[in-house]
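Here is the structure we will look at.
Side chains included, hydrogens not; waters and symmetry mates left out as well; all remaining heavy atoms used. Note that this is a predicted model, so its numbers are computed, not measured.
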Amino acid sequence: MAWSDLTPEERELLVEQYMILLIGVVDNPVPTNLHLHKEFFILRNVAPDLSKIIKFEKHKYGPYSPDLNEALKNPVYYPEAFEFYIRDLPLVNRMIVEISLTPKGKAAFRKLLKEYSHEESFKEFLAIAKAIRFMYDQLNVEELLLLIYSTFRDWTKYSSIYNSLMAPARRRHLAYELYKKGIISKSKYQELLEATL
């Protein structure tokens, strides 16, 4: 079946399944809702078929997917699969944090693994998802957003915090942290130091 032939229900099912896979591929919770959206955004750049399933729009914190938001808060096909908390965070205020799978979600994850683990493309997806989680989960919200904003400049249009993140002193500090963690290269670090709004 072509991706374009998916019904809204089939697309919704796939969104929930992909969320279960991304969250379940690493034992630790996804740190925040921002991480969830940005990790999927990165993932769809390496797995282009995902962009036909999960839609993104420009938002006050960069790339944002109403599909993911709805699936996390009101899953239809996997009710009670996800758990999370809501906390106040610096810079972004109230935010969903510590997103993980419930026992029902973990059971669904194991079932999906069993069902698709013979497919090469599925194994590749899981490997990429795991690498993305390991890389981006370690970043705090500001580091994550600076990295996304500096990599995908055209997604900053409606950002409410772009200017404060790009302020020279803050940008230098965050760029140094990203470089120190091995997330960006020395040339990307230099580029961020010299960046202008």
Side-chain angles (χ1 to χ4, degrees), residues 18-19 21-48 50-51 54 56-65 68-69 72 82-101 124-197:
Y18 275 116
M19 245 170 66
L21 292 171
L22 182 73
I23 296 168
V25 78
V26 174
D27 284 338
N28 302 326
V30 176
T32 70
N33 203 21
L34 281 180
H35 286 78
L36 184 72
H37 287 254
K38 306 319 178 235
E39 288 172 6
F40 262 110
F41 184 74
I42 299 298
L43 197 50
R44 76 176 210 143
N45 284 298
V46 271
L50 259 187
S51 62
I54 301 172
F56 281 85
E57 55 190 46
K58 294 172 183 174
H59 190 256
K60 64 180 179 176
Y61 302 129
Y64 165 83
S65 170
L68 292 173
N69 208 46
L72 178 64
F82 311 111
E83 60 185 359
F84 52 81
Y85 302 93
I86 295 179
R87 295 220 175 90
D88 284 324
L89 296 179
L91 192 70
V92 293
N93 304 321
R94 291 184 74 69
M95 175 69 52
I96 290 173
V97 299
E98 293 180 41
I99 304 161
S100 58
L101 297 178
E124 283 172 18
F125 172 83
L126 286 184
I128 294 166
K130 187 179 273 197
I132 286 172
R133 287 281 317 272
F134 280 136
M135 185 174 186
Y136 292 94
D137 279 7
Q138 65 177 303
L139 305 180
N140 67 34
V141 165
E142 290 184 65
E143 293 164 351
L144 176 69
L145 290 177
L146 181 68
L147 186 60
I148 293 293
Y149 288 167
S150 64
T151 309
F152 304 98
R153 289 296 279 272
D154 51 332
W155 285 84
T156 63
K157 184 175 180 183
Y158 300 114
S159 172
S160 60
I161 53 175
Y162 178 75
N163 289 342
S164 65
L165 273 183
M166 291 300 280
R170 185 179 237 173
R171 186 180 69 236
R172 276 196 297 274
H173 168 73
L174 294 172
Y176 177 71
E177 290 301 315
L178 289 168
Y179 177 62
K180 200 168 71 175
K181 290 177 178 177
I183 302 293
I184 59 173
S185 64
K186 190 160 192 172
S187 61
K188 180 73 174 175
Y189 174 57
Q190 280 305 128
E191 182 189 313
L192 279 171
L193 291 184
E194 295 159 12
T196 56
L197 292 175

Where [X] and [Y] come nearest, the two heavy atoms and their spacing:
| X | Y | value |
| --- | --- | --- |
| Tyr149 | Gly62 | OH-N, 3.4 Å |
| Ala175 | Ile184 | O-CD1, 3.6 Å |
| Val30 | Leu36 | CG1-N, 3.7 Å |
| Phe41 | Pro63 | CD1-CB, 3.5 Å |

For residues 87-97, which side-chain N or O atoms pair as donor and acceptor with protein atoms under 3.5 Å away, sequence neighbours left out?
from  : atom 1 : to    : atom 2 : distance (Å)
Arg87 : NH1    : Glu98 : OE2    : 2.7

[atom1]-[atom2] distance between [X] and [Y], expressed to the nearest 0.5 angstrom:
| X | Y | atom1 | atom2 | result |
| --- | --- | --- | --- | --- |
| Lys60 | Ser159 | NZ | OG | 10.0 Å |
| Ser150 | Leu174 | OG | CG | 10.0 Å |
| Ile42 | Ile128 | CD1 | CD1 | 12.5 Å |
| Thr32 | Leu139 | OG1 | CG | 10.0 Å |
| Leu145 | Thr156 | CG | OG1 | 11.5 Å |

Checklist entry - Which word best sums up how the rings of Tyr179 and Tyr189 line up, parallel for under 30°, tilted for 30 to 60°, or perpendicular for over 60°? => result parallel
Checklist entry - How far apart are the C-alpha atoms of Leu146 and Met166, what are their side-chain angles, what is the distance that settles it, and do they pass the side-chain contact (heavy atoms from CB on, under 4.5 Å) test? => result CA-CA 8 Å; Leu146 181 68; Met166 291 300 280; 3.7 Å; yes
Next on the checklist: I'd like to know whether Ile148 forms a side-chain contact (heavy atoms from CB on, under 4.5 Å) with Trp155, so could you lay out the CA-CA distance, the side-chain angles of the two residues, the decisive distance to 0.1 Å, and finally the verdict.
Outcome noted: CA-CA 8 Å; Ile148 293 293; Trp155 285 84; 5.6 Å; no
[X]: ring pair (Phe, Tyr, Trp, His ring centres under 6.0 Å) partners, not counting sequence neighbours:
| X | result |
| --- | --- |
| His35 | none |
| Phe84 | none |
| Phe134 | none |
| His173 | none |

Next on the checklist: What verdict does the side-chain contact (heavy atoms from CB on, under 4.5 Å) test give for Ile132 and Val46, after you've listed the backbone C-alpha separation in whole Å, the side-chain angles of each residue and the deciding distance to 0.1 Å?
Outcome noted: CA-CA 10 Å; Ile132 286 172; Val46 271; 4.2 Å; yes
Please tabulate, for side-chain N and O atoms in residues 22-29, each donor-acceptor pair with protein atoms closer than 3.5 Å (sequence neighbours left out).
none

Checklist entry - How about Met19 and Phe40: do any of their side-chain heavy atoms sit closer than 4.5 Å? => result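 Sidechains of Phe40 and Met19: in contact.
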Those residues that, when tested against [X], pass salt bridge (Lys or Arg N to Asp or Glu O under 4.0 Å) (two or more places apart):
| X | value |
| --- | --- |
| Glu83 | none |
| Lys181 | Glu143 |
| Arg170 | Glu142 |
| Arg133 | Glu39, Asp137 |

Next on the checklist: I'd like to check the side-chain contact (heavy atoms from CB on, under 4.5 Å) partners of Lys180; sequence neighbours left out, ordered by chain and number.
Outcome noted: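 With neighbours one apart ignored, the set is Tyr176, Glu177.
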Item to check | Listed partners of Asn69 passing side-chain contact (heavy atoms from CB on, under 4.5 Å), at least two apart | outcome: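 In terms of side-chain contact (heavy atoms from CB on, under 4.5 Å), with neighbours along the sequence ignored, Asn69 is linked to Asn33, His37, Tyr64, Lys73.
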Checklist entry - Is Ser185 reaching over with its side chain to a backbone N or O of Lys188, donor-acceptor style, under 3.5 angstrom? => result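 Checking the backbone N and O of Lys188 against the side chain of Ser185, a donor-acceptor pair under 3.5 Å is found.
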Checklist entry - Has the side chain of Lys58 got a donor or acceptor atom that lies under 3.5 Å from a matching backbone atom of Asp154? => result yes
Item to check | Leu34 vs Tyr136, side-chain contact (heavy atoms from CB on, under 4.5 Å): CA-CA, chis, key distance, verdict | outcome: CA-CA 11 Å; Leu34 281 180; Tyr136 292 94; over 6 Å; no
Next on the checklist: Between Phe125 and Tyr18, is the ring centroid distance below 6.0 Å?
Outcome noted: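 Ring-ring flag for Phe125/Tyr18: true, centres closer than 6.0 Å.
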